[in-house]
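Here is how names work: the chains are called A, B, and so on, in the same order as the sequence lines, proteins then strands, and each is numbered from 1.
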Amino acid sequence: MSRQQPKEPSTSRLAEVRAARLQKLQRLRELGVDPYPATFEARQPIGEAREKAPGTEVRVAGRLVLWRRHGGSTFATLRDQSGQVQLQFRRDALGPDRYELLKLLDVGDFIGIEGSLFTTRTGELTVEVRQFAVLTKALRPLPEKWHGLTDPETRVRKRHLTFISDPGEMEMLVKRAQFVHNIRAFLEGEGFVEVATPALERIPGGAEAEPFVTHHAALDTDFYLRISLELAHKRLIVGGFERIYEIGRVFRNEGLGREYLQEFDLLEFYWAYADLPALKRLVERFYATVIQETFGTLRLTYGEDALDFTPPWPETDYLELFRQKAGIDLHQYPTAESLLPVARKLDIPEAVSGLGRGRLIDLIYKRVIRPTLIQPQFLVNHPVDISPLAKRDPKDPIRVQRLQVLIAGSEVGNGFAELNDPLDQRARFEEQQRLREAGDREAQMLDEEFLEALEYGMPPTAGFGVSIERWLMYLTNSPAIRDVVAFPLTRPAASSSPTEEADKDSREA
RNA sequence: GGGCCCGUAGCUCAGCGGCAGAGCAGCGGACUUUUAAUCCGAUGGUCGUGGGUUCGAAUCCCACCGGGCCCCCCA
């Protein structure tokens with residue numbers, strides 16, 4: 001990509017370091033050493049090499065992370081993903097010419113080495129290097145070897161440096177991979193088929209959230225990025241699928257916060273002919289199995305709280321909860337107008353007229369009630385106002401057949417007996433549409449295609465959804481949800497910072 | 001979007017109205033079992049950006065940019 005020698009920024013320490021490394025690079029080439037060879041054959045992971053007995057020949061490769069030069073003997077620390085090991089280079093073993101080459105290496109370079117294992121008198125397992133090869137010359141210095149990289153902004157903007165200076169950070173992503181693998185394994189084992197549905201939609205549905213807008217050039221048409229997987233999945237159920245799931249990236253145009261991402265992986269599954277009690281049993285088993293297999297235990301802690309995922313989990317009644325924790329009997333407040341003064345009395349400034357009854361209930365719930373629900377539990381019997389896609393409870397039509405999984409005061413799973421009455425669904429969309437027109441940007445849009453599909457008939461179906469990241473955040477005791485993703489969203493960096501200028505110079509050269 | 005705090009060398013940090021500092025890394029040198037190796041020497045700055053106050057600003061004030069925490073909001 002870069003065509004010639006990059007131009008140097010005139011006045012920075014970074015530029016000097018880089019110039020010195022470029023000179024070493026040039027020198028290597030003059031000596032006939034390829035600083036970027038294609039391969040290093042027959043390498044073994046350092047972690048494996050460390051298991052061998054002293055005297056064994058090993059062949060390992062990795063990044064140089066520390067140098068200790070002592071005249072005719074040089075110690076270094078070499079690291080790969082499996083671990084690190086000390087190297088010793090000796091002038092009398094390598095010969096003066098090869099030993100001189102070490103001067104052209106820096107911390108940060110990748111090298112491959114061959115040598116024999118021994119233990120130093122201080123007990124450190126070490127490879128005495130017989131041969132070495134440059135695998136990649138690095139041009140920029142690594143973060144400080146002792147303090148590492150602590151600036152939170154740099155850590156999030158330059159994730160590669162975070163992983164280099166703090167290899168433990170990689171474990172989160174490895175854990176996530178295992179977690180997702182275990183989720184798939186469980187659902188496949190239950191006969192669920194993985195499907196893939198479009199992220200570009202004309203009408204984003206299935207959740208209450210503000211969507212991102214994008215544009216298709218050839219069609220000259222705006223599309224939305226999906227905010228959930230739900231409506232496409234239900235159309236598949238209409239089509240005859242009985243057990244489907246997807247782990248799909250969804251996008252929500254909302255603020256940044258410790259519990260929120262702008263894009264995240266949503267797991268949803270739909271299960272035809274299953275009712276809410278069956279769903280509940282499955283979800284309990286699902287969580288317990290996946291957690292046990294990923295973490296080896298069902299007892300985890302989040303912050304101050306000890307969480308126990310051992311089934312069965314308690315079941316909490318939504319309306320009863322309002323009576324107990326807030327002293328509100330929701331049956332007494334059938335309209336938004338009657339509920340509004342109650343919300344205002346609870347000191348909820350966002351409660352304003354124009355909001356629907358459902359939003360008011362949701363606000364009271366999220367502000368006053370949910371923070372008190374710590375242990376894993378099912379929240380059931382939600383009012384119909386806050387669940388426009390769930391089936392009504394035949395015994396009490398103002399409630400729906402829904403279950404939410406709550407962990408540490410947060411929603412970590414949401415299941416429904418899905419609404420399959422096309423006329424009821426149309427009426428609820430129309431109510432949402434009315435709220436939308438009244439200014440609620442998170443109210444759902446009416447999706448005519450979906451309604452038409454429902455008119456062909458969807459069998460009774462249970463559905464469930466959970467954010468992989470939110471779930472993992474609570475399981476791994478992470479203070480912020482961005483801690484469980486590789487590259488969380490950042491604002492564009494200011495172009496005027498010195499670091500940025502240096503970056504720009506090297507790109508433009 | 002609101003409140004509080006932060007931004008000084010590639011990295012980690014001092015300095016908080018009077019010459020821009022240290023450690024690590026880098027450069028030169030000594031050193032063949034070190035462990036953040038050690039020792040000697042030379043070097044390194046748009047003090048986030050812009051404006052203002054002042055004889056004088058990294059330091060005080062204002063705005064902006066970026067970040068962190070707490071509210072708020074969508075799993």
As a test of reading the structure: which of A37(B), G67(B), U33(B) is closest to the side chain of His70(A), going by heavy atoms? A37(B)
Who is the Watson-Crick or G-U wobble partner of A36(B), with both distances under 3.5 Å? none
Name the nucleic acid region contacted by Phe118(A), choosing base, sugar-phosphate or nothing; use a 4.0 angstrom heavy-atom cut-off, strictly under. base
Taking G51(B) as the reference, what is the distance to G10(B) when you measure between their P atoms (whole Å, please)? 23 Å
Using a distance-only criterion (donor-acceptor N/O pair, under 3.5 Å, no hydrogens), is the base of U33(B) paired with the side chain of Glu124(A)? no
Shortest side-chain distance from Arg482(A), nucleotide among C73(B), A36(B), C69(B): C69(B)
So, Thr162(A) versus Glu169(A): side-chain donor-acceptor pair below 3.5 Å or not? no
Less than 4.0 Å between a side-chain N and a carboxylate O, is that true for Glu16(A) and Arg13(A)? yes
P gap between U59(B) and C6(B), integer Å: 13 Å
Classify Asn253(A) by what it touches in the nucleic acid, base, sugar-phosphate, or nothing, heavy-atom distance under 4.0 Å. nothing
C39(B) and C61(B), which share atom name P, separated by this distance in whole Å: 41 Å
What's the closest nucleotide to the Glu144(A) side chain, out of G23(B), G67(B), U33(B)? G23(B)
Candidate list Phe309(A), Trp471(A), Tyr474(A), test ring pair (Phe, Tyr, Trp, His ring centres under 6.0 Å), partner Tyr287(A), passing option: Trp471(A)
When rounded to the nearest 0.5 angstrom, what is the spacing between NZ in Lys325(A) and OH in Tyr365(A)? 11.0 Å
Should Thr150(A) be listed as having a side-chain N or O under 4.0 Å from OP1 or OP2 of C13(B)? yes
Quick test of your reading of the model: are Lys52(A) and Glu57(A) salt-bridged, counting only N-O distances below 4.0 Å? no
Taking atom C1' in both G48(B) and G66(B), what distance in whole Å separates the two? 8 Å
Among A36(B), G67(B), U34(B), the one nearest Trp146(A) by side-chain distance: A36(B)
When you compare the ring of Phe264(A) with the six-membered ring of A75(B)'s base, are the centres less than 5.5 Å apart and the planes under 30° from each other? yes
Can you tell me which residue pairs pass the salt bridge (Lys or Arg N to Asp or Glu O under 4.0 Å) test with a partner in residues 196-214 of chain A, sequence neighbours excluded? Glu210(A)-Arg441(A)
With rounding to the nearest 0.5 Å, note down the distance linking CZ in Arg29(A) to NZ in Lys137(A). 12.0 Å
Indicate, with a heavy-atom threshold strictly under 4.0 Å, whether Asp265(A) touches base, sugar-phosphate, or nothing. nothing
Tell me which nucleotide, if any, is Watson-Crick or G-U wobble paired with G10(B) when both distances must be under 3.5 Å. C24(B)
Between G67(B) and A57(B), how far apart are the two P atoms, rounded to whole Å? 30 Å
What N/O pairs connect the protein and nucleotides 25-27 of chain B at under 3.5 Å? Give each pair on its own line.
unit_1, atom_1, unit_2, atom_2, d
A25(B), OP1, Lys145(A), NZ, 2.7
A25(B), N1, Arg13(A), NE, 3.4
C27(B), OP1, Lys24(A), NZ, 2.5

Across the strands shown, which category fits Gly148(A) at heavy-atom distances under 4.0 angstrom: base, sugar-phosphate, nothing? sugar-phosphate
With sugar-phosphate meaning primed atoms plus P, OP1 and OP2, does Ile481(A) contact a base, only sugar-phosphate, or nothing at under 4.0 Å between heavy atoms? base
The side chain of Leu149(A) lies closest to which of these nucleotides: G67(B), U34(B), C11(B)? C11(B)
Which nucleotide in the list U33(B), A36(B), A37(B) gets nearest to the side chain of Arg68(A)? A37(B)
Taking the six-membered ring of Phe132(A) as reference, does the cationic atom of Arg98(A) (NZ for Lys, CZ for Arg) lie under 6.0 Å from its centre and within 45° of its axis? yes
Using the P atom on both, measure U38(B) against A25(B) and round to a whole Å. 7 Å
More 5' along RNA chain B: Asp151(A) or Ala209(A), using each one's nearest nucleotide? Asp151(A)
With Leu139(A), which of Asp109(A), Val17(A), Leu22(A) fulfils side chain to side chain contact (heavy atoms under 4.5 Å, CB included)? Leu22(A)
Can you check the Leu14(A) CG to U43(B) C1' distance for me, whole Å? 16 Å
Just checking Leu266(A): base, sugar-phosphate only, or nothing, at a heavy-atom cut-off of under 4.0 Å? nothing
Taking only heavy atoms on the protein side, list every residue of residues 467-476 of chain A lying under 4.0 Å from any atom of RNA chain B, sorted numerically. Ser467(A), Arg470(A)
For the P atoms, the ones on G21(B) and on A42(B), what distance do you get once it is rounded to whole angstrom? 15 Å
Distance check, rounded to the nearest 0.5 Å: Trp313(A) atom CH2 versus Leu403(A) atom CG? 10.0 Å
Heavy atoms under 4.0 Å, any strand shown: does Leu87(A) hit a base, just sugar-phosphate, or nothing? nothing
